[in-house]
Number of protein chains: 2
Amino acid sequence: MGRPARIFPADLINAASKIAARLGPARATIAAIAKEAGAPIGSMYHRYPSRGALLAEVWITAAERFGSQFSAILATARDTDALIEAALLTPHFAREDPAAGVVLFAHRRDDFLDEAPAESRARAAKLVSALQKELAGAAKRHLAGDPRGRERLAVALIGIPYGAVRVFLPQAVPPPEIDAVIAAAARAALAH
Amino acid sequence: MGRPARIFPADLINAASKIAARLGPARATIAAIAKEAGAPIGSMYHRYPSRGALLAEVWITAAERFGSQFSAILATARDTDALIEAALLTPHFAREDPAAGVVLFAHRRDDFLDEAPAESRARAAKLVSALQKELAGAAKRHLAGDPRGRERLAVALIGIPYGAVRVFLPQAVPPPEIDAVIAAAARAALAH
DNA sequence: CTTATTCTAGAATATTAATTCTAATTAGTA
DNA sequence: TACTAATTAGAATTAATATTCTAGAATAAG
């Protein structure tokens with residue numbers, strides 16, 4: 001029933017991710033994304049109500065992928081060594097999915113969400129708060145003594161790896177050698 | 001000779017810094033900056049040829065302040081302990097000059113420079129490459145054995161502190177407790 | 001084979017914000 | 001006191017892009 005689609009939502013998200021990674025969300029215009037996707041402008045609005053909604057979807061898609069891997073690692077972590085794996089997810093992710101990595105680690109979240117409809121914003125906020133909760137839980141388990149455990153864990157497992165890959169992104173993918181540096185730094189940050 | 005100025009360049013830079021820190025460079029419109037400075041739109045263009053030129057000046061001003069302190073520390077560093085002071089400059093700077101700190105550490109450099117005239121861009125590039133050179137020199141002195149010394153130093157003294165304060169900025173100023181975490185992490189990153 | 005439906009297609013319009021322009025002030029100077 | 005230069009002041013214009021609108025195609029159902 002109806003004309004078959006040539007352009008699917010996933011195509012637009014992929015195209016928008018690439019453009020946003022390359023030029024930044026501010027320069028990811030509807031025209032540029034449409035061109036990258038090989039779609040006419042009209043089809044963009046057939047899929048997404050606004051540019052803001054599409055950009056939000058780009059961030060959310062990337063964040064969901066990262067978040068699910070991160071929480072899987074965190075949930076099964078038995079000791080500090082296992083936590084370090086969570087810190088290493090950031091460079092790993094940046095290598096495995098460069099466009100999503102650049103979206104998440106070389107641009108600002110708000111630049112993807114500022115123009116988003118309320119519904120998308122709520123979905124994004126849920127992702128962030130889920131991650132916060134998991135960090136709090138892990139802090140309770142692994143850093144029981146520290147009243148600021150969640151902050152410390154956030155710095156060690158998110159902030160430090162983020163800052164380290166940020167030195168290289170978006171021009172280059174983070175080189176493999178920094179993984180050891182990230183691991184050592186995260187470990188030190190955890191060891192009070 | 002001529003009507004005395006009510007609005008000075010520094011006023012516009014300060015106003016633009018505040019707005020850019022609060023809303024991000026993309027939302028720092030000429031109208032918003034003019035309002036913050038109590039200046040009419042016309043006066044903006046009397047001082048700066050374009051919005052891009054003004055935003056570039058905001059970043060350059062902040063980067064010059066940070067850079068001069070950073071290179072002073074780096075130049076006189078005798079041992080690893082002294083290098084750690086360079087890593088701590090990031091949280092210190094974010095506390096002492098919150099607007100400049102947010103400009104440098106909570107936003108993207110390119111979002112301040114993408115629309116800048118060539119002359120401003122060149123000035124900004126010079127600041128960046130000066131810092132690169134200083135890092136390379138310090139790497140030679142302090143990490144003589146490491147072929148990737150400059151990268152490691154960049155990660156330890158810039159990337160890690162940046163990522164750590166980024167966990168808090170721009171909502172809050174980085175709390176004093178993270179300084180010890182940053183110091184430990186930077187030290188670990190240096191001690192291969 | 002006609003019709004309803006879904007989608008492509010891109011031109012036309014609307015919106016937002018940067019920039020330019022014209023006029024009005026103010027202070028020194030001849 | 002006129003005159004000139006520097007600046008304020010903000011309205012008018014322009015430019016860039018997001019969004020809407022109107023048509024045209026393609027498919028399945030009846």
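Quantities reported herein were computed from a predicted structural model and do not represent experimental measurements. So that the names make sense, note that chain A is the first sequence line, chain B the second, and so on, each numbered from 1.
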Can you check the B/R47 CZ to C/dT19 C1' distance for me, whole Å?
18 Å
Distances under 3.5 Å between nitrogen or oxygen atoms of protein and nucleotides 26-30 of chain C:
unit_1 : atom_1 : unit_2 : atom_2 : d
C/dT26 : O2     : B/R3   : N      : 3.1

In whole angstrom, give the distance that lies between atom CD of A/E115 and atom P of D/dA18.
10 Å
Residue pairs involving residues 47-60 of chain B (criterion side-chain hydrogen bond (donor to acceptor under 3.5 Å, both in side chains); sequence neighbours excluded):
B/E57-B/R123
Expected string for nucleotides 10-17 of chain D under the B/S/- scheme (protein heavy atoms, under 4.0 Å, primed atoms plus P, OP1, OP2 as sugar-phosphate) is B-------
Point-to-point distance, once rounded to the nearest 0.5 Å, from CD1 of A/I13 to NZ of A/K18:
13.5 Å
Would you please name every residue forming a side-chain hydrogen bond (donor to acceptor under 3.5 Å, both in side chains) with B/R22, sequence neighbours left out?
none
B/H46 NE2 to C/dT19 P, straight-line distance once rounded to whole Å
17 Å
Between D/dT19 (C1') and A/L55 (CG): distance, integer Å:
15 Å
Pull out every residue in residues 10-24 of chain B that has a heavy atom closer than 4.0 Å to any atom of DNA chain D, ordered by number, or say none.
none
Would you please name every residue forming a ring-ring contact (aromatic ring centres under 6.0 Å, His included) with B/Y45, sequence neighbours left out?
none
To the nearest Å, how far apart are A/I7 CD1 and C/dT6 P?
19 Å
Quick one: sort the A/F105 and A/Y162 rings into parallel, tilted or perpendicular, breaks at 30° and 60°.
perpendicular
Under the side-chain hydrogen bond (donor to acceptor under 3.5 Å, both in side chains) rule, collect the residues that match up with B/E134, sequence neighbours excluded.
none
Those residues at least two apart in sequence (or on a different chain) that pass side-chain hydrogen bond (donor to acceptor under 3.5 Å, both in side chains) with A/E85 are none
By side chain to side chain contact (heavy atoms under 4.5 Å, CB included) - contacts of A/A15 (at least two apart):
A/I33, A/E36, A/A37
Which residue pairs satisfy the side-chain hydrogen bond (donor to acceptor under 3.5 Å, both in side chains) criterion with at least one member in residues 63-82 of chain A, sequence neighbours excluded?
A/R65-A/D97, A/D81-A/R187
What residues form a side chain to side chain contact (heavy atoms under 4.5 Å, CB included) with B/P98, not counting sequence neighbours?
none
Would you indicate, yes or no, if D/dA9 has its OP1 or OP2 atom less than 4.0 angstrom from a side-chain nitrogen or oxygen of B/R6?
yes
List for me each residue that meets side chain to side chain contact (heavy atoms under 4.5 Å, CB included) alongside A/A116, sequence neighbours excluded, and say none if there are none.
A/A56, A/S120, A/R121
